[in-house]
Amino acid sequence: MDFSLDNKRSGFSFPPIDYGAQLNDEQFAAATAPPGPALVLAGAGSGKTRTLTYRVAWLLEQGMRPGEILLLTFTNKAAREMLERVEELTGVPSHRFWGGTFHHIGQKILRIHGELIGIGKQYTILDSSDAESLMGEAVRELDPGFFKNKANPKARLLGDIYSMARNTRLTTEQAVDRYFPHFKELAGKVALFFEAYQKKKLEQQVVDYDDLLEYLVLLLENHEEVREYYQNRFQYILVDEYQDTNVLQARIVDLFAAHHRVMAVGDDAQCIYSWRGADFTNITTFPERHPGTKIYKIEINYRSSPEILDLANAVLISQEPGIEFKKELRAARDSNVRPYLIPTLDTEEQTQFIIQRIGGLLDEGVNLSDIAILYRAHYQSLDLQMELARRHIPFQITSGIRFFEQAHIRDLIAQLRFAYNQKDISSFQRIASLLPRIGPKTALRLHKLGTEFAEKNKTSVIEGLLDPSIIAKVPTVSREEWPKLIWSLHDIAEHCQKSTPAAATQIAIDGWYGDYVRGAFNNYPSRLDDLRSLVGFAEKYDEMQDLLAQLVLLNSETTASAVDDEQGRLRLTTVHQAKGLEFPVVFMIGLADGLFPLRRAIEEGDIEEERRLFYVGVTRAMDELYLSHPRIGGQGMPLRLEPSIFLRDLPEHLYEIIHLQRQRW
DNA sequence: AGTCGAGTTCTTTTT
DNA sequence: GAACTCGACT
């Protein structure tokens, strides 16, 4: 397609942008690239999002409509950030674009065309723990003794195996062979479990995360009219964090982009999701799948001091040679202090050091919100959290116990889900199990009875559950409470249809569950507050389906971050979640073998991904970087800890060692 | 058979 | 904290 269309066609006008002045040469070349396939290799801190943002503006200037541009990202955070910045630059409201995570787009399209492949409009999405229990049920039905044998994989692991197979587009046998060879003998059996699991989901009209991607591929591959519609509709496709896409996601991009008007942006050195099937060879093979691909490299780094970049580059040099694109970040900034290396006695001393140093930084005029503490896994921050709380230093922690995974939130969502899709047995089981003497089995039996009654008498399942013949089957202790619960669900279901999702949510809180919360939790006021904040969240949605999908797909978001995103808080986060962010001062803690890299990664010989993760962490820092490692482990760790292999691989002149004075004895 | 309570173990990363 | 196991209770 020729881009030189009438540039009023986009329907939006914004002040002319001087691309040459606002972008460097590398960025400019990428942002104004000709329409064909393009691969942008953008190093950390090189202005990747900026380039993408200007690319979108440029496309609009060329006459493309917002609705013709598809923006795919890997995480919700990345999606939000990119769309916000596009809106800032061009004034085009972000909802005018098709943008979001692969799962989000899958959910949207499945909702429109799902019936072609047997997914009704009322389908609901399982979160990972729902999926896990359903998998468990499927297994128990086929082989009741399976979990009795401790050598057999648990439901959770089976879910992981299945997920891996699907995300890499391998058969169960192939995936077990490649990623779980110790279960080789079970492969045939496990494949049957997966079939049963798949069948159960269809019966309940529920889908799991992977279905959102897999069904999308199925729709596009097998239904020409759908494929052609979207290929036409999406005149240009931009993919962010391309190195973290897996084979299934890459396939989605290729199916949408049969016309090759596609730009993939990524950095193979930052691929940190291979445990989810991410495959950075997607980058290396991109030019083969999109003939005529032009490659743009963006390597000038505006974020970090030269000293930090030297260290980051050294991390990459010690990588095992592979098929990576060669890259070296070039500094644009002035010289500053070298990164610090701090050996500490144990995690306690590490915590003390951080608190002390933060005190010093504050005295120097640094804002608390300019400081981040990064770690490999959440439990490594527990010490620190307690100490910070004790000293009244405000901090913001990205995840930990996730908001949407707390019991009361999930209970409420389960009610909405069941009220909306009464075939969603998983949700019903969760709700019904709140009553004494009712567990999953009893709930299933009652649901079945209710469904049969409903079919015979042409009523809804909920009305069936209220029939005296079924109430008689409810265990005695719960017989009085049962109708109250079901009536409450009945009210919610009515509001699902006749009024807004927010109203239905409010009804759920005012109904049976509100009373339950008061009786069940000693901290019920704060739980009720959480639930009420859900109403506020629900107000943004006109349709129940949208709300439910968002609740499941956003499950890593904390409302804490959405609601009380105050300034002036110290940031605690895993390296994974810090991706794409930057901070003037960064502490990386727990840099010892067994902690970072994790013991498991060492055992499985999977060090290189951990190294890339370390690289991601290091490149978050703008001015000051503190790398600390405890020498004595806490509980469950070996007594002596070696400094991380990643530290040992660094030339000594790249950092300065801080020797702590032993203060206590 | 299914549910419940007490005691035990173990924590990666995200949609 | 939560998920799991095991034994007891309905």
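Of the two residues near DNA chain B, A:R156 and A:G439, the one whose nearest nucleotide lies more 5' is A:G439.
The separation between A:E241 atom CD and B:dT14 atom P is 13 Å, rounded to whole Å. Rounded to an integer number of Å, the gap from CG of A:N167 to P of B:dT15 is 13 Å. The nearest whole Å value for the distance from the CE atom in A:M164 to the C1' atom in B:dT15 is 15 Å. To the nearest angstrom, P of B:dT15 lies 17 Å from CG of A:D130. A:I409 has its CD1 atom 13 Å from the P atom of C:dA2, to the nearest Å. Nucleotide B:dT13 holds its C1' atom 11 Å from the NZ atom of A:K579, rounded to whole Å. When rounded to the nearest whole Å, the span between CZ of A:R437 and C1' of C:dT10 equals 5 Å. Atom CG in A:L435 sits roughly 15 Å away from atom C1' in B:dG2 (whole-Å rounding).
A:S426 and A:R417 are not linked by any side-chain donor-acceptor pair at a separation below 3.5 angstrom, with hydrogens and angles left out of the test.
Side chain of A:Q429 to main chain of A:P440: a donor-acceptor pair is present (N/O by atom type, distance under 3.5 Å, no hydrogens or angles).
Relative to the side chain of A:N76, the nucleotides C:dC4, B:dT15, B:dT3 differ in distance, and B:dT15 lies closest. Of the listed nucleotides (B:dT13, B:dT3, B:dT15), B:dT13 has the atom at the smallest distance from the side chain of A:H576. In the set C:dC4, B:dT3, B:dC4, B:dT3 carries the atom at the smallest distance from any side-chain atom of A:K441. Set against C:dC4, B:dT12, B:dT14, the side chain of A:L598 has B:dT12 as its closest nucleotide.
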Output, in order, the C-alpha distance, side-chain angles, deciding distance and verdict of side chain to side chain contact (heavy atoms under 4.5 Å, CB included) for A:E241 and A:Q243.
-> CA-CA 5 Å; A:E241 306 281 13; A:Q243 76 282 350; 2.8 Å; yes

Test A:F193 against A:F146 for ring-ring contact (aromatic ring centres under 6.0 Å, His included), laying out the working first.
-> CA-CA 11 Å; A:F193 293 158; A:F146 187 80; 4.8 Å; yes

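At a threshold of 4.0 angstrom between heavy atoms, the contacts of A:F74 are confined to the sugar-phosphate backbone, with no base atom among them. A:P475 comes within contact range of no nucleotide atom at all, as no heavy-atom separation falls under 4.0 Å. If you check every strand for non-hydrogen atoms under 4.0 Å, A:L212 touches nothing. Within the nucleic acid shown, A:Q107 has no heavy atom closer than 4.0 Å to any nucleic acid atom.
For B:dT13, the base has no donor-acceptor partner in the side chain of A:R276 [N/O atoms by modelled type, under 3.5 angstrom].
Here A:H576 and A:Y273 bring their ring centres to under 6.0 angstrom of each other.
By the criterion of a centre-to-centre distance under 5.5 Å and near-parallel planes under 30°, the ring of A:W275 forms a stack with the base of B:dT13.
One finds a salt bridge joining A:D649 and A:R611 here, because a Lys/Arg side-chain nitrogen approaches an Asp/Glu carboxylate oxygen to under 4.0 Å.
At least one side-chain nitrogen or oxygen of A:T442 sits closer than 4.0 Å to the OP1 or OP2 atom of B:dT3. Within the 4.0 Å cut-off from OP1 or OP2 of B:dT14, at least one side-chain nitrogen or oxygen of A:Q577 is found.
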